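One structure below.
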Amino acid sequence: MTTLDISSLAAALDAELHALPERRTPLVRPIVKKYAKICASFSSEQMLSLTHFLIDRYGLRGVAYELLSLHRPAMRSLGAGELEALGHGINSWWSVDTFARLLSGPTWMNGQVADEVITGWAESSDYWWRRSALVSTIAFNMRSQGGKGEVKRTLMICRMLACDHEEMVVKALSWALRELVWVDRAVVEGFLQEYDDCLAGRVKREVRNKLDTGLKNPK
């Protein structure tokens, strides 16, 4: 497939999305699945080219990430450099979470990037990358996404950001710990005790609620 073909395909996808009465997931998802089938025969290189084109030309970051996540050869080809190129420009909770849930988390879980890549994000001066490090742990621990539980790596990132009070990081830390409860609740209990003096109130409250009731915010 040539650059022109990729350009035409991206333009067609963008046009279909713009034709929707509103941009809601139940309306967008069938379009994504349609184009995933069209892209099934693409090489990894072609799929990555389309992904970058959708992001750079049309700003369709979420759709691009979802399409890429459905292309197994392209997903298997991802390494640290390509992941960070795909994540360039993440600057909102939804862009970070889509990137981390669909791309970096599964890639990390599959052993395609080293722990040092994710810890590097956790040390970033950009809080969106720090959030991405935490959300990347979700892949290990969310059973509905194939996670089987990973205490060591999850705690490694949570410890690095336990005392970070940036709101987007705090919310992600709470999420990461809550997903870990089913894996090893005793470890989560211990984490709350160990970092009690610096954890944000939201983290303590939401994780304690999860431990006690199974819910983030019980009525």
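Remember, it's a predicted structure, so these values are computed and weren't measured experimentally.
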| said: The test is side chain to side chain contact (heavy atoms under 4.5 Å, CB included); show your working for Asp164 and Val170 and say whether it passes. | reply: CA-CA 7 Å; Asp164 191 323; Val170 166; 5.8 Å; no
| task | With side chain to side chain contact (heavy atoms under 4.5 Å, CB included) as the test, would you mind laying out the steps for Phe140 and Val183 before giving the verdict? | result | CA-CA 10 Å; Phe140 288 112; Val183 181; over 6 Å; no
| task | Show the numbers, then the answer: is there a side chain to side chain contact (heavy atoms under 4.5 Å, CB included) between Leu180 and Leu155? | result | CA-CA 9 Å; Leu180 192 60; Leu155 283 186; 4.0 Å; yes
| field | Chi angles and distances behind the side-chain hydrogen bond (donor to acceptor under 3.5 Å, both in side chains) call for Ser92, Ser95 | value | CA-CA 5 Å; Ser92 63; Ser95 63; 2.9 Å; yes
| request: Decide yes or no on side-chain hydrogen bond (donor to acceptor under 3.5 Å, both in side chains) for Glu167 and Tyr127, but give the supporting numbers first. | output: CA-CA 9 Å; Glu167 183 182 11; Tyr127 63 81; over 6 Å; no
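Crowding of Trp182 atom CH2: a count of heavy atoms from other residues, nucleotides or ligands under 6.0 Å exceeding 12. More than 12 non-hydrogen atoms from other residues, nucleotides or ligands lie less than 6.0 angstrom from CZ of Arg159.
Put simply, the residue from Ser136, Ser132, Ser104 that forms a side chain to side chain contact (heavy atoms under 4.5 Å, CB included) with Val96 is Ser132. The side chain to side chain contact (heavy atoms under 4.5 Å, CB included) test with Trp108 singles out one residue from Leu103, Thr137, Leu83, Val117, and that residue is Thr137.
Other members of the hydrophobic cluster containing Ile138, listed by chain and number, are Val135, Met142, Trp175; membership follows side-chain contacts under 4.5 Å among ILVMFWY residues, whether direct or relayed.
Smallest separation of non-hydrogen atoms from Ala122 and Ala133: N-CB, 3.8 Å. Considering all non-hydrogen atoms of both residues, Glu66 and Ser69 come closest at O-OG, 2.7 Å. Met156 and Met160 make their closest contact through O-CG, 3.2 Å (heavy atoms, listed as atom of the first residue, atom of the second, distance). For the residue pair Ile6 and Ser49, the shortest heavy atom distance occurs at CD1-CB, 3.7 Å. Residues Val113 and Gly79 approach most closely at CG1-C, 3.8 Å, considering heavy atoms.
At least one side-chain heavy atom of Pro21 sits less than 4.5 Å from a side-chain heavy atom of Leu27. Side-chain atoms of Thr98 and Ile90, non-hydrogen and from C-beta on, never get closer than 4.5 Å to each other. The side-chain heavy atoms of Asp126 and Asn91, taken from C-beta on, include no pair separated by under 4.5 Å. The closest side-chain heavy-atom distance from Leu199 to Leu173 is below 4.5 Å. Looking at heavy atoms from C-beta onward, Arg76 lies in side-chain contact with Pro73 at the 4.5 angstrom threshold.
Put simply, the side chain of Thr107 never gets that close to the backbone of Leu78: no donor and acceptor are under 3.5 Å apart. Not one N or O on the side chain of Lys204 forms a donor-acceptor pair closer than 3.5 Å with the backbone of Leu192. Judged purely by atom type and a 3.5 angstrom limit, Arg130 uses its side chain to pair as donor or acceptor with the backbone of Ser124. Here the side chain of Gln46 pairs a donor or acceptor atom with the backbone of Ser43 at under 3.5 angstrom. Although no hydrogens or angles enter the test, the distance criterion places no donor-acceptor pair under 3.5 Å between the side chain of Asn110 and the main chain of Gln112. Judged by distance alone, with hydrogens and angles left aside, the side-chain atoms of Glu206 form no donor-acceptor pair with the main-chain N or O of Lys216 at under 3.5 Å. Under the 3.5 Å distance criterion, the side-chain polar atoms of Tyr195 are left unmatched by any main-chain donor or acceptor of Cys158. Between the Glu166 side chain and the Val169 main chain, no donor and acceptor come within less than 3.5 Å of each other.
Taking 4.0 Å as the cut-off between side-chain N and carboxylate O, Glu189 and Arg208 count as a salt-bridged pair.
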Going by atom type alone, with no hydrogens or angles, which donor-acceptor pairs under 3.5 Å involve a side-chain atom of residues 50-59 and a protein atom two or more places apart or on another chain?
unit_1, atom_1, unit_2, atom_2, d
Thr51, OG1, Met47, O, 2.8
His52, NE2, Glu82, OE2, 2.7

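Going from atom CG of Leu86 over to atom CG of Leu48 covers 6.5 Å, rounded to the nearest 0.5 Å. Taken from OG1 in Thr154 to CD1 in Ile157, the straight-line distance is 8.5 Å, to the nearest 0.5 Å. To the nearest 0.5 Å, atom CZ of residue Arg131 and atom CG of residue Asp97 are 4.0 Å apart. Separation of atoms CE (Met168) and NZ (Lys171) is listed at 4.0 Å; rounding is to 0.5 Å. Atoms CG and NZ, on Leu215 and Lys210 in that order, are 7.0 Å from each other to the nearest 0.5 Å. Here Glu123 contributes atom CD and Leu161 contributes atom CG; the two are 9.0 Å apart, rounded to the nearest 0.5 Å.
In the hydrophobic clustering of ILVMFWY residues, with side-chain heavy atoms under 4.5 Å counting as a link, Ile38 and Leu68 come out together.
Using the six-membered ring where Trp is involved, Phe99 and Trp121 have ring planes that are tilted, between 30° and 60° apart.
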